[in-house]
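Naming convention: chains lettered A, B, ... in sequence-line order (proteins, then strands); numbering from 1 in each chain. Note that the structure is predicted; figures quoted are calculated from it, not measured.
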Amino acid sequence: MTDFQPKSDFLRILKERGFIHQCSDFEGLDALAAKGKVVAYVGYDCTAQSLHIGNYLTMMMLYWLQQSGNKPITLMGGGTTRIGDPSGKDETRAMRTIEEIDSNKAAIKGVFSKVLTFGEGPKNAQMVDNADWLTKLEWIEMLRDVGRHFSVNRMLAMDSVRLRLEREHEMSFIEFNYMIAQSYDYVELARRLGCNLQMGGSDQWGNIIMGVDLGRRMGTHQLYALTTPLLTTASGAKMGKTAQGAVWLNAEQFSPYDFWQYWRNTEDADVGRFLKLFTILPMDEIARLEALQGSEINEAKKALASAATELLHGKAAAEAAAETARKTFEEGGTAASLPSVEIAGSEVEAGFGVLAAFVKAGLVPSNGEARRQVQAGGLRVNDVVVADPAQVLSPADAVHGGAIKLSFGKKKHVLLKLV
RNA sequence: GGGGGAAUGUCCCGAGCGGCAAAGGGGGCGGACUGUAAAUCCGCUGGCUAAGCCUUCGUAGGUUCGAGUCCUACUUCCCCCA
């Protein structure tokens with residue numbers, strides 16, 4: 001890969017921005033891309049109410065694909081999610097109900113239009129759902145047409161299966177079939193939409209390659225595979241995890257402000273890499289930001305946060321988040337746009353315990369945790385450290401335009417609004 | 001089908017002579033230091049109407065003043081034999 005010099009814009013951009021981990025055939029794919037004839041898809045699981053940062057990476061690949069004159073397809077895994085992908089998992093996840101999957105699917109769909117342009121045109125993005133064909137298959141027919149092309153010997157050698165077997169962890173038959181379903185998806189999309197490239201995370205390599213292989217055996221045009229590297233931070237942690245959980249792409253589950261903060265807190269060593277992967281800033285601008293040293297790197301982090309947030313949540317949301325952060329951190333003031341939680345004024349008049357207030361604000365999960373944090377000096381009311389767990393809040397504390405500012409640690413702030 | 005072993009703090013791994021809210025580690029959170037970074041150091045890491053009370057060790061019973069620890073049955077997983 002390192003010595004391959006792509007001629008097409010698509011692969012050139014992906015390569016210089018660090019999206020490429022493995023590809024089944026660089027030359028072949030490059031030739032197609034140069035002619036704008038790539039129709040690529042990425043499959044998305046419907047296991048949660050929102051996609052997360054890992055998915056953002058493949059969405060960016062689809063973005064560059066479309067920008068370079070090719071056609072992107074987003075595949076909703078309405079069918080495959082009913083099976084459950086065993087790749088990279090030690091144990092079977094809880095089975096999801098069909099209602100749950102459908103509800104997740106509905107919640108996820110909207111996010112793609114933030115980055116891709118959908119429509120009927122030949123280069124417009126298209127969304128499909130594999131439930132449309134997978135749920136209609138006939139068992140015997142499926143075995144004869146598709147099943148005969150799969151070697152169980154090879155399937156057993158796949159990482160997703162082998163690792164389970166080696167560790168003597170259970171793998172049920174339904175999961176064993178996941179790769180067949182995914183391979184079949186690829187062939188189906190090749191036939192229906194002329195799809196010729198499947199992209200995904202590096203853990204999907206095996207599944208994708210199986211699809212390429214199935215296509216050859218079933219007589220489709222040549223199919224290609226392209227994967228991105230596993231996302232980790234410079235210090236080795238899995239990306240996308242925060243105190244609250246995953247970094248979701250839906251604003252309802254992870255606010256634009258939190259999203260902005262997530263990128264703002266990037267480790268120094270990751271800034272350049274993330275700018276290339278998660279923003280569409282031009283490469284020379286990234287090179288300039290990357291060259292910053294010492295505390296100047298903070299400028300690069302702000303640029304990263306704003307650019308990434310703008311792409312996903314829009315310019316207004318990104319600017320608001322940046323402004324809130326500036327007031328909060330650089331001026332030490334209180335921005336009215338900090339996340340807020342409402343509380344009945346009457347409740348506070350009667351005297352409201354600090355511990356309960358922090359729980360109410362959602363900053364700590366329990367009274368006990370709040371109590372511990374008081375001991376550790378981690379809680380502040382209106383920027384004053386809470387020293388006494390028995391402290392009581394009153395309406396007089398609502399000094400920020402009818403709100404009390406509660407802080408947990410240095411970075412998490414919530415306004416408790418009296419109503 | 002027969003024999004043996006294992007399930008622990010609902011994030012994970014993992015110790016646990018009958019007195020245990022239960023060792024240790026990872027992870028996480030907070031504090032100090034900084035640049036809203038990393039590294040390092042310190043503290044915390046079941047709930048509550050909190051010097052007390054309540055609920056936890058696969059499930060259900062039992063023995064005992066007292067059970068994660070002993071007994072019985074059941075569930076699940078692993079290993080060996082057939």
Side-chain angles (χ1 to χ4, degrees), chain A residues 88-94 164-172 232-247 257-275 289-306 308-309 321-335 338-339 347 350-381 383-392 406-414:
Chain A
K89 301 187 187 74
D90 261 0
E91 284 165 26
T92 308
R93 291 274 186 79
R164 286 272 189 98
L165 294 179
E166 276 174 4
R167 295 184 196 179
E168 292 167 344
H169 282 159
E170 177 73 11
M171 168 174 256
S172 72
T232 52
T233 65
S235 42
K238 282 168 292 188
M239 261 197 82
K241 296 290 179 197
T242 69
Q244 289 76 32
V247 175
Y257 173 73
D258 287 333
F259 192 75
W260 194 94
Q261 278 296 321
Y262 177 77
W263 295 111
R264 175 63 246 264
N265 287 306
T266 297
E267 293 179 31
D268 287 7
D270 287 325
V271 175
R273 193 157 56 99
F274 290 175
L275 277 166
L289 292 168
E290 228 179 338
L292 296 173
Q293 294 297 318
S295 60
E296 288 188 329
I297 291 175
N298 285 323
E299 191 199 328
K301 291 184 186 179
K302 286 180 211 166
L304 167 64
S306 290
T309 306
E323 181 57 14
T324 301
R326 196 184 63 76
K327 278 193 182 146
T328 308
F329 290 100
E330 292 177 22
E331 292 180 4
T334 302
L338 278 175
E347 242 182 290
F352 200 54
V354 252
L355 303 181
F358 277 88
V359 174
K360 172 88 180 170
L363 287 167
V364 294
S366 71
N367 244 337
E369 177 62 18
R371 200 177 288 270
R372 269 179 234 117
Q373 288 304 340
V374 169
Q375 282 185 337
L379 301 186
R380 275 166 296 145
V381 172
D383 301 312
V384 177
V385 174
V386 177
D388 176 14
Q391 184 181 332
V392 172
L406 303 180
S407 308
F408 174 43
K410 290 199 176 63
K411 297 179 187 174
K412 280 159 288 200
H413 310 277
V414 167

Please write out each protein N/O paired with an N/O of nucleotides 50-56 of chain B under 3.5 Å, distance rounded to 0.1 Å.
residue: B/A50; atom: N6; partner: A/R371; partner atom: NE; Å: 3.1
residue: B/A50; atom: N1; partner: A/R371; partner atom: NE; Å: 3.0

Distance between the [atom1] atoms of [N] and [M], in whole angstroms?
{"N": "B/G46", "M": "B/A22", "atom1": "P", "result": "10 Å"}
{"N": "B/C20", "M": "B/G4", "atom1": "C1'", "result": "30 Å"}
{"N": "B/C80", "M": "B/G27", "atom1": "C1'", "result": "37 Å"}
{"N": "B/A6", "M": "B/U72", "atom1": "P", "result": "14 Å"}
{"N": "B/G28", "M": "B/G1", "atom1": "C1'", "result": "48 Å"}
{"N": "B/G25", "M": "B/G14", "atom1": "P", "result": "16 Å"}

Under a 90° cut-off about 0 for the syn range, is B/C42 syn or anti?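 Chi for B/C42 falls in the anti range.
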
Atom CG of A/N298 and atom C1' of B/A38: how far apart are they, to the nearest Å?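 After rounding, the gap between these two atoms is 12 Å.
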
Rounded distance [0.5 Å steps], NZ in A/K301 versus CD in A/Q261: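 The NZ atom of A/K301 sits 11.5 Å away from the CD atom of A/Q261.
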
Please figure out whether A/N265 or A/G378 has its closest RNA chain B nucleotide nearer the 5' end.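 Its nearest nucleotide lies further toward 5', so the answer is A/G378.
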
What nucleotide among B/A38, B/U34, B/G35 has an atom nearest to a side-chain atom of A/E267?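 Nearest nucleotide to the side chain: B/A38.
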
Trace of the salt bridge (charged side-chain N to carboxylate O under 4.0 Å, His left out) decision for A/E369 with A/R372: CA-CA 5 Å; A/E369 177 62 18; A/R372 269 179 234 117; 2.7 Å; yes

